[in-house]
Amino acid sequence: MNRSKIHRLLQSKNPLEQVLINGWVRTRRNSKDFSFIEVNDGSCLKNIQIIAPSSLPNYGDIQRITTGSSVSIAGSLVPSQGKGQSWEIVATQISVIGPAPETFPLQKKRHSDEFLRTIAHLRPRTNKYSAVFRIRSELSYAIHTFFRDRGFRYIHSPIITGSDCEGAGEMFRVTTLDIHNPSLREKKLNAEQDFFGKEASLTVSGQLSAEMFALALGDVYTFGPTFRAENSNTRRHAAEFWMIEPEMAFCDLAGNMNLGEELLRYLIHHVLRECPEDMALFGNFVDKTLMDTLHHIVSSEFVRLSYSEAVEILKKSKVSFEYPVNYGIDLQSEHEKFLTETHFKKPVILHDYPKTIKPFYMRLNADQQTVAAMDILVPGIGEIVGGSQREERLEVLENRMDEMGLFKENYWWYIDSRRYGSAPHSGFGMGFERLIMMVTGISNIRDVIPFPRTPGNIDF
RNA sequence: UCCCCAGUAGCUCAGUCGGUAGAGCAAGUGGCUGUUAACCACUUUGUCCGCGGUUCGAGUCCGUGCUGGGGAGCCA
């Protein structure tokens with residue numbers, strides 16, 4: 001007999017004579033002539049109720065099945081006589097595959113997120129975390145669908161990079177040199193002896209690679225792991241996270257903003273439609289306002305505002321910020337929060353920032369003072385997307401790099417793309433975990449990634 | 001890295017004015033029962049985060065370290 005997923009059985013239109021399920025026991029209750037066992041197999045949020053009649057040969061063992069045990073159950077799917085579920089399985093055969101002794105840490109009660117983080121290997125067996133990771137999977141699928149439908153190609157940009165300064169943050173060094181080897185230590189380690197013959201790091205962004213491919217395949221995107229060695233200790237930062245980076249040739253800043261807005265709306269719409277049960281859990285137990293917030297985001301246009309307009313609004317707001325607002329200074333978290341959560345109460349796309357606070361690759365505007373940058377800010381999360389139109393003019397790019405004191409030799413290939421058939425192009429990076437946080441209402445990034453990596457924490 | 005808060009039973013937490021520790025859940029035993037995080041009764045469980053100090057006496061006060069959380073910066 002083939003194993004059925006509980007998700008399918010619960011959607012059944014008719015009783016089924018012979019079914020087989022495998023899964024993990026969530027709870028068990030004894031009754032007079034039988035035992036109720038609730039089994040979850042991860043295929044959906046719901047458990048299926050098993051009726052284990054006392055006539056089963058191993059009924060004695062069945063009455064001692066503990067929460068967390070894995071079981072295999074054969075029987076028939078019948079309409080439930082009790083309230084609370086439409087189908088249940090009357091078992092004809094039950095076997096315990098792997099028992100869970102009483103030290104099993106997950107109880108039939110609510111646990112704190114902090115405790116569950118200490119047992120990250122077991123937390124996907126809870127309702128909330130299984131829902132998070134089903135949604136994470138569904139969002140990944142939707143991202144590929146979104147881009148494929150629009151003719152984008154998926155590019156696998158390298159994880160290990162030799163570009164020693166991509167400008168997006170501190171990098172993790174990659175080396176095969178043995179720091180425990182005293183002879184090498186005495187000789188002083190140097191990169192020429194190393195695997196690649198020069199310094200190598202984990203990527204902080206696939207953008208530069210994606211630009212090269214956009215200038216060949218037209219519209220491309222990357223979707224992969226990204227690494228930042230910043231000593232960030234916040235609920236919004238991880239040392240290893242996933243990022244989606246579309247890059248479009250012959251596309252300006254407005255087109256870039258359109259794509260970012262369209263992508264966010266599409267993804268929210270997708271999970272609301274495809275994962276209603278899991279989403280209801282977050283709406284009920286994580287954030288009561290989640291559904292209203294998401295429907296609002298899907299149905300209303302994002303606000304588009306230039307940096308200087310934003311500065312004006314903040315100055316006129318009469319709110320006493322801890323950090324004063326002034327043109328030329330990057331906006332602080334409290335300012336972004338005011339715009340998205342108090343003033344507009346919806347996502348805001350800020351664009352055209354002063355060039356002094358943005359990286360070299362962003363396209364210089366005609367005013368010579370601002371660059372064609374854009375950030376999408378959402379309530380509760382802050383920056384979820386950061387992007388720009390790229391500087392496609394060779395001389396302007398080289399001047400900018402000189403101004404900012406970069407070693408152009410390290411970027412020879414990047415600059416080369418502006419020498420041969422250069423074209424206007426734009427793109428952005430979207431933090432995948434921040435997207436999941438927005439969609440689920442979960443407030444800590446450590447709870448939306450299977451095994452989070454943060455400063456001082458690499459267990460599991 | 002900086003600022004603030006917390007750390008007590010397996011989990012979630014209470015512990016008053018400084019007088020050496022408690023509840024619910026879990027676990028164990030028995031009962032009841034088409035039950036719904038079942039219910040009822042009884043039972044077990046402590047490096048009060050570590051180290052040092054003040055005190056006749058510290059879970060409680062002070063110092064320090066560690067761990068966790070929130071905020072800031074960096075950003076996605």
Side-chain angles (χ1 to χ4, degrees), chain A residues 26-38 46-53 64 66-68 78-85 88 90 100-119 126-127 166-170 203-207 223-245 260 285 321-323 330-337 357-359 375-378 381-387 428-438 443-449 454-457 459:
Chain A
R26 284 293 175 79
T27 177
R28 186 186 48 75
R29 300 176 283 275
N30 287 333
S31 189
K32 195 175 181 186
D33 294 318
F34 47 86
S35 196
F36 294 103
I37 308 172
E38 283 196 43
K46 285 205 176 100
N47 305 326
I48 196 161
Q49 177 163 284
I50 311 296
I51 309 296
R64 281 189 292 275
T66 50
T67 297
V78 301
S80 176
Q81 296 174 32
K83 292 184 181 122
Q85 62 279 317
E88 63 191 17
V90 176
E102 62 280 359
T103 50
F104 183 60
L106 293 173
Q107 298 166 15
K108 294 179 274 188
K109 56 166 268 189
R110 210 186 129 78
H111 290 285
S112 68
D113 292 326
E114 289 79 12
F115 171 67
L116 292 170
R117 255 170 242 156
T118 68
I119 50 166
T126 64
N127 289 341
E166 293 183 15
E170 291 296 310
T203 185
V204 292
S205 165
Q207 180 196 321
F223 181 16
T226 310
F227 308 88
R228 305 274 166 93
E230 303 287 349
N231 189 14
S232 301
N233 279 291
T234 81
R235 59 186 184 82
R236 302 184 306 280
H237 292 87
E240 178 181 303
F241 63 100
W242 285 58
M243 190 154 63
I244 301 118
E245 295 181 286
F285 299 114
F321 294 111
E322 193 183 337
Y323 296 89
D330 214 353
L331 298 183
Q332 305 285 319
S333 286
E334 57 174 341
H335 306 140
E336 298 180 352
K337 211 169 249 180
I357 56 173
K358 288 292 180 184
D375 286 351
I376 302 184
L377 313 175
V378 294
I381 310 287
E383 186 178 344
I384 195 168
V385 164
F428 61 80
M430 182 169 84
F432 187 47
E433 283 74 21
R434 289 189 182 172
L435 170 76
I436 302 170
M437 290 167 73
M438 182 187 74
S443 57
N444 196 310
I445 197 167
R446 298 173 185 95
D447 298 333
V448 299
I449 191 163
T454 52
N457 189 350
D459 285 341

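Proteins come first, then strands; the chains are lettered A, B, ... in the order of their sequence lines, and each starts at number 1.
Annotation: side chain to side chain contact (heavy atoms under 4.5 Å, CB included) contacts of A/His335 (sequence neighbours excluded): A/Leu314, A/Phe321, A/Tyr323, A/Val325, A/Leu331, A/Gln332.
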Every protein N/O within reach of nucleotides 66-69 of chain B N/O, cut-off under 3.5 Å:
from	atom 1	to	atom 2	distance (Å)
B/G69	OP1	A/Arg117	NH1	2.6

Hey, what are the protein-to-nucleotides 8-11 of chain B N/O distances that come in under 3.5 Å?
from	atom 1	to	atom 2	distance (Å)
B/G10	N2	A/Gln107	OE1	2.9
B/G10	N2	A/Gln107	NE2	2.7
B/G10	N3	A/Gln107	NE2	3.2
B/C11	O2'	A/Lys109	NZ	3.3
B/C11	O2'	A/His111	ND1	3.2
B/C11	O2	A/Lys109	NZ	2.6

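Residues A/Phe241 and A/Phe227 keep their aromatic ring centres 6.0 Å or farther apart.
Between B/A72 and A/Thr234, no contact under 4.0 Å exists linking OP1 or OP2 to a side-chain N or O. Under 4.0 angstrom from either OP1 or OP2 of B/A38 there lies at least one side-chain N or O belonging to A/Thr27. Applying the 4.0 Å criterion to OP1 and OP2 of B/U35, one finds that A/Arg29 has every side-chain N and O outside that range. Between A/Arg236 and B/A72 there is a side-chain polar atom (N or O) within less than 4.0 angstrom of OP1 or OP2. Contact annotation: A/Lys32 side-chain N/O to B/G31 OP1/OP2 distance is not under 4.0 Å.
Taking all atoms of both residues into account, the shortest heavy-atom contact from A/Pro53 to A/Ile51 is CD-O, 3.3 Å.
Note on A/Gly82: a base of the nucleic acid sits closer than 4.0 angstrom, heavy atoms only. Counting any heavy atom pair closer than 4.0 Å across all strands shown, A/Leu435 reaches no nucleic acid atom. No engagement by A/Glu334 is indicated, since no non-hydrogen atom pair under 4.0 Å with the nucleic acid exists. Note on A/Ser31: a base of the nucleic acid sits closer than 4.0 angstrom, heavy atoms only. In this structure, A/Ile445 reaches the bases: a heavy-atom distance under 4.0 Å links it to at least one base atom across the strands shown. Note on A/Glu245: nothing from the nucleic acid sits closer than 4.0 angstrom, heavy atoms only.
To the nearest whole angstrom, the two P atoms, one in B/C13 and one in B/G19, are 24 Å apart. Spacing of P atoms, B/C62 relative to B/C40, comes out at 42 Å, to the nearest Å.
A salt bridge links A/Lys358 with A/Asp375: at least one charged nitrogen is closer than 4.0 Å to a carboxylate oxygen.
Stacking here means ring centres nearer than 5.5 Å and ring planes tilted less than 30 degrees, and by that measure A/Phe432 does not stack onto B/A76.
Pairing of B/G30, defined by two Watson-Crick or G-U wobble distances under 3.5 Å, is identified with B/C40.
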